[in-house]
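From a predicted model like this one, the values you see are computed outputs, not experimental measurements.
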Amino acid sequence: MSVVTRIAPSPTGDPHVGTAYIGLFNFTLARQAGGTFILRIEDTDRGRYVPGSETRIFQMMQWLGLTPDESPLQGGPNGPYRQSERFELYGDYARQLVASGHAYPAFETPEELSALREAAQAAGHVIHVPSRDLDPAEALRRMDAGEAAVIRLKVPRDGETVVNDRLRDPIHFQNIEIDDKVLLKADGFPTYHLANVVDDRLMGVTHVIRAEEWITSTPIHILLYRAFGWPEPVWAHMPLLRNADKSKISKRKNPTSVEWYQQQGFLPEAMLNFLATMGWTHPDGLEIFDLAEFGRVFRLEDVTLGGPVFDQAKLRWYNGKYLREVLTEDDVAHRLHAFLAAQKSELPLDEYFRAVTRLMTPRLEVFSDFLDKTGYFWTEDYAVNEKAQAAIDGARELLPELASRLKNLPTFDAGSIKALFHTYAEEKGLKLGKVMPPVRAAVAGTLESPDLPDLLATLGRERVVGRITKAVS
Ligand code: GLU
């Protein structure tokens with residue numbers, strides 16, 4: 001059996017990290033089996049529809065390298081891939097269930113329903129919809145004559161529905177506790193349940209891998225599969241991503257839009273690697289691995305359910321690791337340059353830019369930190385903070401001589417610069433801690449900067465000498 005997986009996001013806002021997370025596992029499972037990974041847009045809830053959201057979901061998937069095999073964008077043999085374009089279909093399926101006795105037209109008004117619901121709640125059972133007891137042929141006739149009706153699933157009143165989830169023990173739902181869910185609304189629009197099941201079936205989906213929050217919908221979906229006489233797909237409900245306080249991940253506590261991470265200069269590789277560790281660990285204990293390696297060793301059965309925390313600090317750590325240990329220097333320089341260009345920076349990708357990048361990479365976790373940390377590399381107008389000014393003021397005697405020695409140093413590289421400081425300190429009977437900080441303060445305006453000889457070598461002789469001279473004048 002070929003494996004077909006899918007994600008079925010609703011275009012209701014920013015492209016969510018949860019969609020990327022579920023996308024990663026679905027993409028991988030399909031790739032491992034040489035199967036198909038589908039992106040379907042579930043846009044039947046017009047009230048929550050956000051224009052542009054769909055495009056941004058594609059862009060997110062593309063950025064992460066999780067490009068689907070079939071989607072509204074690239075099409076495919078199972079299209080259309082937007083539920084709003086499959087609209088006609090669902091009514092027929094709903095009627096088919098009415099004909100087979102698994103669903104019924106229901107004519108209750110919203111007011112009647114809320115009264116029924118109140119009574120049912122008080123009595124402690126699910127609502128009994130009176131239309132359930134109508135003669136089906138008669139009910140269909142009324143509906144066809146134009147009377148406002150929805151179509152509801154006729155949930156059996158006895159027995160249980162068992163969800164066999166790949167990641168859990170069987171979950172038992174008592175049918176008597178399941179509502180007769182609406183399948184088709186009065187305006188002819190399907191609900192999530194009907195459209196989701198019909199589309200998964202028509203698109204040949206074999207594995208439904210989705211977030212835990214859908215688990216209570218699954219018995220309804222199983223009842224639908226049975227009612228249609230279709231085999232169930234494999235179910236796997238992934239653990240929800242959580243905030244640090246273990247609540248479901250939310251915008252207020254964690255940025256949840258993948259675009260935010262993109263704008264901060266996170267690398268897609270780091271994001272994927274991090275997401276792969278949400279509910280799963282590499283069998284050899286590897287922390288850093290790419291998508292291909294993930295695909296090589298991942299097994300759905302190994303997903304663990306303890307609520308994985310989407311920890312910003314950990315994601316930053318991953319990103320730093322990729323910058324320092326995975327990407328080449330050249331790659332970092334190019335990507336950083338592209339990131340800055342998108343932020344309207346006009347820094348050229350020249351030798352100097354590469355040298356500054358090389359120097360700063362060990363101190364960088366995300367690209368968005370770069371300009372803040374490197375201001376003094378790009379302008380002679382850099383700010384000098386108080387501590388730095390004090391260091392300069394305390395060394396007015398030393399600085400001119402140091403400037404002139406630096407000016408005359410035969411080769412201006414880190415090794416020679418370091419030796420120069422040592423010789424100078426020794427000659428003057430001073431500690432290095434007296435000699436170096438004022439120079440640092442003069443060339444960078446701060447006492448916090450990379451290793452001084454490296455810093456000076458990167459800035460270059462001309463800037464260094466000029467800046468020290470200017471600082472004491
Ligand atoms: N449209 C649902 C969502 O927004 C799909 C859930 C599912 O995968 O079945 O996530």
Can you find a pair of side-chain heavy atoms, one from Pro72 and one from Glu54, that are under 4.5 Å apart? yes
So which atom in Val150 and which in Val182 form the shortest heavy-atom distance, rounded to 0.1 Å? CB-CG1, 4.0 Å
Donor-acceptor contact present, side-chain Thr304 to main-chain Gly306, <3.5 Å: no
For the side chain of Gln32 and the backbone of Phe298, is there at least one donor-acceptor N/O pair under 3.5 Å apart? yes
Indicate yes or no: at least one non-hydrogen side-chain atom of Leu66 is less than 4.5 angstrom from one of Leu272. yes
Return the orientation label for the Phe289 and His282 ring planes: parallel under 30°, perpendicular over 60°, tilted otherwise. tilted
Run Thr374 and Leu371 through side-chain contact (heavy atoms from CB on, under 4.5 Å) and show every step you take. CA-CA 5 Å; Thr374 60; Leu371 285 184; 4.3 Å; yes
Testing the basics here: between Leu323 and Val332, what is the closest heavy-atom pair and its distance to 0.1 Å? O-CG2, 3.6 Å
Grab the two heavy atoms, one from Asn196 and one from Arg210, that are nearest each other, plus how far apart they are. OD1-NH1, 3.6 Å
Are the side chain of Lys373 and the backbone N or O of Leu364 linked by a donor-acceptor pair below 3.5 Å? no
Does a donor on one side chain sit under 3.5 Å from an acceptor on the other, for His193 and Thr191? no
Taken in chain and number order and not counting sequence neighbours, the residues that satisfy ring-ring contact (aromatic ring centres under 6.0 Å, His included) with Tyr93 are Phe228, Trp230
Rounding to 0.5 Å, atoms CD (Gln262) and CH2 (Trp260) come to a distance of 12.5 Å
Gap separating the NZ atom of Lys321 from the CG atom of Leu267, nearest 0.5 angstrom: 14.5 Å
Around atom CD of Glu118, are there more than 12 heavy atoms of other residues, nucleotides or ligands at under 6.0 Å? no
With no hydrogens and no angle check, is any side-chain donor or acceptor of Gln74 less than 3.5 Å from a backbone partner on Pro68? yes
Asp69 side-chain N/O to Phe37 backbone N/O, donor-acceptor pair under 3.5 Å: yes
Any side-chain heavy atom of Ile209 sitting closer than 4.5 Å to one from Arg166? no
Using side-chain contact (heavy atoms from CB on, under 4.5 Å) as the criterion, list what pairs up with Asp169, not counting sequence neighbours. none
Salt bridge between Arg40 and Glu70, side-chain N to carboxylate O under 4.0 Å? no
When you compare the side chain of Pro15 with that of Met61, does any pair of heavy atoms fall below 4.5 Å? no
Using a 6.0 Å cut-off, check whether atom CD of Glu386 has over 12 heavy atoms from anything other than its own residue. no
Is the centre of the Phe274 ring less than 6.0 Å from the centre of the Phe310 ring? yes
CZ-CD distance between Phe339 and Gln263, expressed to the nearest 0.5 angstrom: 9.0 Å
Donor-acceptor under 3.5 Å (His16 side chain, Gly18 main chain): yes
Partners passing side-chain contact (heavy atoms from CB on, under 4.5 Å) against Asp144 (at least two apart in sequence or in another chain): Arg95
Can you confirm whether Arg354 sits close enough to Asp330 that some side-chain heavy atom of one is under 4.5 Å from a side-chain heavy atom of the other? yes
Taken in chain and number order and not counting sequence neighbours, the residues that satisfy ring-ring contact (aromatic ring centres under 6.0 Å, His included) with His337 are Phe353
Out of the candidates Asp180, Ile176, Ile220, only one should pair with Val155 under the side chain to side chain contact (heavy atoms under 4.5 Å, CB included) rule; please name it. Asp180
Looking at Glu287 and Lys314, does any basic side-chain N land under 4.0 Å from a carboxylate oxygen? yes
Pair Glu212 + Arg242: basic N to acidic O under 4.0 Å: yes
Aromatic ring pairing His237/Trp235, orientation class (parallel under 30°, perpendicular over 60°, tilted between): parallel
So, does Glu112 use its side chain to make a donor-acceptor pair with the main chain of Thr109 at under 3.5 Å? yes
Would you tell me whether Asp14 and Thr256 have side-chain atoms, one donor and one acceptor, within less than 3.5 Å of each other? no
Parallel, tilted or perpendicular: which describes the rings of Tyr352 and Trp378, with under 30° parallel and over 60° perpendicular? perpendicular
Donor-acceptor check, side chain of Thr379 to backbone of Tyr376, threshold 3.5 angstrom: yes or no? no
Which residues pass the side chain to side chain donor-acceptor pair (under 3.5 Å) test with Glu448, not counting sequence neighbours? none
Can you find a side-chain donor-acceptor pair between Ser247 and Asp245 that sits under 3.5 Å? yes
Does the Arg316 side chain pair with the main chain of Val366, one donor and one acceptor, at a distance under 3.5 Å? no
Please determine, by modelled atom types, if Asp43 and Ser84 share a side-chain donor-acceptor pair under 3.5 angstrom. yes
Please confirm whether the ring centroid of Trp280 lies under 6.0 Å from the ring centroid of Phe25. no
Flag the pair Asp45 and Lys185 as a salt bridge only when some basic side-chain nitrogen lies within less than 4.0 angstrom of an acidic carboxylate oxygen. no
Is atom CD of Glu346 surrounded by more than 12 heavy atoms (other residues, nucleotides or ligands) closer than 6.0 Å? no
Kindly give the heavy-atom pair with the smallest separation between Ala33 and Val3, and that separation in Å. CB-CG2, 3.5 Å
Write down the atom of Thr5, the atom of Phe27, and the distance for their closest heavy-atom approach. OG1-N, 4.4 Å
Between Asp179 and Arg152, is there a side-chain N and carboxylate O pair less than 4.0 Å apart? no
Any idea which heavy atoms bring Pro362 and Arg358 closest together, and the distance? CD-O, 3.4 Å
Taking the side chain as every heavy atom from C-beta outward, state whether Thr458 and Val356 have any atom pair closer than 4.5 Å. yes
Just to verify, what does Phe266 make a ring-ring contact (aromatic ring centres under 6.0 Å, His included) with, not counting sequence neighbours? Tyr261
Using only heavy-atom distances, determine whether the side chains of Arg335 and Thr357 contain a donor-acceptor pair under 3.5 Å. no
To the nearest 0.5 Å, what is the distance between CZ (Arg463) and CD (Glu380)? 6.5 Å
Do Asp199 and Tyr81 have a side chain donor and acceptor closer than 3.5 Å? no
Can you tell if the side chain of Leu291 reaches within under 4.5 Å of the side chain of Leu24, non-hydrogen atoms only? yes
Value for CG (Asn319) from OG (Ser368), rounded to nearest 0.5 Å, stands at 9.0 Å
Does atom CZ of Arg46 have more than 12 heavy-atom neighbours from other groups under 6.0 Å away? yes
Enter the distance from Ile151:CD1 to Leu183:CG here, rounded to the nearest 0.5 Å. 7.5 Å
Inspect the contact between Arg168 and Asp165 and indicate whether a charged nitrogen and a carboxylate oxygen are less than 4.0 angstrom apart. yes
Do the side chains of Met271 and Leu315 get nearer than 4.5 Å, heavy atoms only? yes
Output yes when a side-chain donor or acceptor of Glu42 lies under 3.5 Å from a complementary backbone atom of Ser10, and no otherwise. no
